[in-house]
Amino acid sequence: MKSKELLSHLFEACNNGRSLAQLHSQILKNGLAHDSFFATKLTSSYAKYASLETARIIFDETPHRTVYLWNATLRSYVREKQWEETLNLFLHMVSTTVTTDQKPDNFTIPIALKACAGLSALAAGQMIHGLIKKNGKIDSDMFVGSALIELYSKGGQMGDALRVFEEFPQPDVVMWTSMVTGYQQNGIAEEALLFFSQMVMIKRVTPDPVTLVSVISACAQLVNLKTGRCVHGFSIRMGFDSDLPLVNSLLNLYAKASSVNNAVNLFGEMAKKDVISWSSMIACYAQNEKAVEALDLFNEMVQKRFEPNSITVISALQACAVACNLQEGRRIHELAVRKGFELDVAVSTALVDMYMKCLCPVDAVDLFKRMPKKDVVSWAVLLSGYAQNGMANESIAVFRTMLCNETQPDAVTMVKILTACSDLGILQQALCLHGYLVSSGFSNKVFVGAALIDLYSKCGSLDNGIRVFEGMAEKDVVVWSSMIAGYGIHGLGREALQTFDRMLRISVLRPNQVTFLSVLSSCSHTGLVEEGIKIFDMMVHEYQIKPNSDHYGIMVDLLGRTGELDKAMELIDQMPIPVEPHVWGALLGACRTHHNVKMGEIVAKNLFQLDPNHAGYYILLSHIYAVDEKWDNVASIRTLIKEKGLKKMPGYSALEVRSKVHTFLVGHRLHPESEQIYRLLTKLEVKMREEGYVPDVDFLLHDVE
DNA sequence: TTAGGGTTAG
């Protein structure tokens, strides 16, 4: 074959990789293997279609390496994200090449910069930046410009990225996109949207699908469905609606905005789906209380022979965790092991989380101990997992181990430990943590402040909570809601209402479902019936927020507490959503308080149909009978509970002595100082009676268990 | 002869 003919075959091979080996031997036969031009073509074809190793061998064996050959080889490594190899080869190039046709050019520089960005080697990138500044020609190249922007954004230096951007009088769409992406990936989504509008409205640069992906991701980050939908419309008008990454980012937007129907429709309409599409849809279900659908979709995906990746597995595990589905969780664990995903720190962390949420702390800890690599998230999951399983001391111990270890807690971990302590009501720890938060600078974060307010309120130190609240320069809706809930917990309904009023008056914030929940529960705890009804009305009509099951539960509780049992029943009858057991439970509790056996029986009938295995509700009904001295009925419920083999989780109290939490159950004498404790209790009781305390005998009922 | 920016997760 002539070299001209070979050349045309070679071009073809570059496009499809066919008969590459055959071509290679022809080139060898014709003695053209050492020709730098042929070597370049072969190298890029091998790297793209066959093996990077062979490509490297060809590179190594070529005596005269032109800049084209260097660039082709470097690019092959970049494509495979082998950043370290890329950078090493680049350094090799810089230190060995002598002639002009071998020196790095404006094609080489972006590749080298990309490797630095991939390795988060900001200093190395800055050095290259310094070198190219001396060469004006490269400096004004937009390929170099966007690579520099990427380098600085990956290193979190958006100021430097902006400085590079501003050096270009007419940045192209890629440079604009790099800036938008940079802001989005650094969590400054507002700035990303601002940049995008400047690009489109003022500079009239037409965005492409890549730009829109970043814009939609920014909308997802801000949970800004309105703008996201506009961008969706725009992308359809531009004809980008079959761009896979773009549709995937839209799926993610709808997932984050809890717009499950939109996501389902979009997913259904997709002509082509990749593993990211499936993962996004599974995550959408898992994160929007549709665990069954998430697991069904995961199984469908596996059946259709789509290969799940580690992220798919993480989302499926999340679904198992929220559904408390241990069986499915173990099955997916086996699948993860088979695929070698268990070595992935994110997957093993998701597994620890799943076992913890399925109330299997032993399995979780066992797995955690075997993890070869642990990062701050793994520790955070372990810590909050212990707290979820009522193992307070272990949870605090993990936090201490973390501090002594090389892993420094981040703001999210701090919120987790704060929540763990608030569930336990341990004030001493709260004070310590607050000190640490101030010294570490985390206390400036809004969501940390919200958790701190919650912690202080639940530890009985409302004053400290108020102090944190008043000291916060920036307050979001969560902060206000925590403060309102804090007042509510302490029975200060009036103060809760005042705080709610203040929020509406002095801020532009819109109360959400949780805010109303906090206000309503404050009203309920203080017996402010009329105010509660007004607030409920305000939520539905003025703010157009659809009440959920929790809101109805609290309203029933509120009406029930003051004896308005008929009104409570009426409210349940009018509920447009399915009545969950706890709503009936609230009414059943009210029936006990107000001795209404007749209604209690009706309520219990409904309740037992919905939740036949909840011991607490049977006991509640038996108490209603006991007050009315219907001992036959009490006895038959007792038999029923025994027959069904139901057990009620006993309540317990916990207190903190010298940073250690002690828990106490009714009648339990396991504590080493139990003798003395009970002696003191008897003394206190005597003293209380002397002061005029009369116990409410109505509630001193028979132990039906 | 060779290019750049993007989507899912614990």
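Source: prediction; values computed, not measured. Residue numbers begin at 1 in each chain, while the letters A, B, ... track the order of the sequences.
Under a 4.0 Å N-O distance rule, the pair A/E334/A/R330 does not qualify as a salt bridge.
When heavy atoms are screened at a 4.0 angstrom cut-off, A/V173 is found touching base atoms of the nucleic acid. Here A/T181 lies in heavy-atom contact (under 4.0 Å) with sugar-phosphate atoms only. Nucleic acid contact class of A/S178 (heavy atoms, under 4.0 Å, all strands): sugar-phosphate only. In this structure, A/K256 reaches the sugar-phosphate backbone alone: every heavy-atom distance under 4.0 Å involves primed, P, OP1 or OP2 atoms, never a base. Within 4.0 Å (heavy atoms only), A/V345 reaches at least one base atom of the nucleic acid. Contacts of A/L212 with the nucleic acid, taken as non-hydrogen atoms under 4.0 Å apart, are absent. Within the nucleic acid shown, A/D172 comes within 4.0 Å of at least one base atom, counting heavy atoms only. Within the 4.0 angstrom heavy-atom criterion, no nucleotide atom of any strand lies near A/M179.
When the P atom of B/dG4 is taken as reference, atom CG of A/L113 falls 14 Å away, rounded to whole Å. To the nearest angstrom, P of B/dT8 lies 16 Å from CG of A/D344. Protein atom CZ of A/F196 is 14 Å distant from nucleotide atom C1' of B/dG6, rounded to whole Å. When rounded to the nearest whole Å, the span between OH of A/Y46 and C1' of B/dT2 equals 20 Å. Protein atom CH2 of A/W176 is 18 Å distant from nucleotide atom P of B/dG6, rounded to whole Å. A/Q287 places its CD atom 11 Å from the C1' atom of B/dG10, with the value rounded to the nearest Å.
Relative orientation of the A/Y254 and A/H232 rings is tilted, given thresholds of 30° and 60° on the angle between their planes. Classification of the A/F267-A/W278 ring pair by plane angle, with boundaries at 30° and 60°, yields perpendicular. Using the six-membered ring where Trp is involved, A/F165 and A/W176 have ring planes that are perpendicular, over 60° apart on the 30 and 60° scheme.
Nearest to the side chain of A/S249, among B/dG6, B/dG10, B/dT7, sits B/dT7. Listed candidates were B/dA9, B/dG10, B/dT7. Nearest to the side chain of A/I311 is B/dA9. Set against B/dG4, B/dT1, B/dT2, the side chain of A/M175 has B/dG4 as its closest nucleotide. Picking from B/dA9, B/dT8, B/dT2 the nucleotide with the shortest atom distance to the side chain of A/R75 gives B/dT2. If you check B/dG10, B/dA3, B/dT8 against the side chain of A/S280, the one that comes closest is B/dT8. Comparing atom distances between the A/N248 side chain and each of B/dG10, B/dT7, B/dG4 picks out B/dT7 as nearest.
Between the side chains of A/T66 and A/S36, at least one donor N or O lies within less than 3.5 Å of an accepting N or O. Between A/N248 and A/S280, the side chains place no donor N or O within less than 3.5 Å of an acceptor N or O (distance only, hydrogens not considered).
Contacts between residues 348-359 of chain A and DNA chain B, counted as heavy-atom distances below 4.0 Å, involve A/T349, A/D353.
Within the structure, salt bridge (Lys or Arg N to Asp or Glu O under 4.0 Å) pairs that include any residue of residues 156-182 of chain A comprise A/D160-A/R163 (at least two apart or interchain). Listed by first and then second residue, the salt bridge (Lys or Arg N to Asp or Glu O under 4.0 Å) pairs that reach into residues 235-251 of chain A come to none, sequence neighbours excluded.
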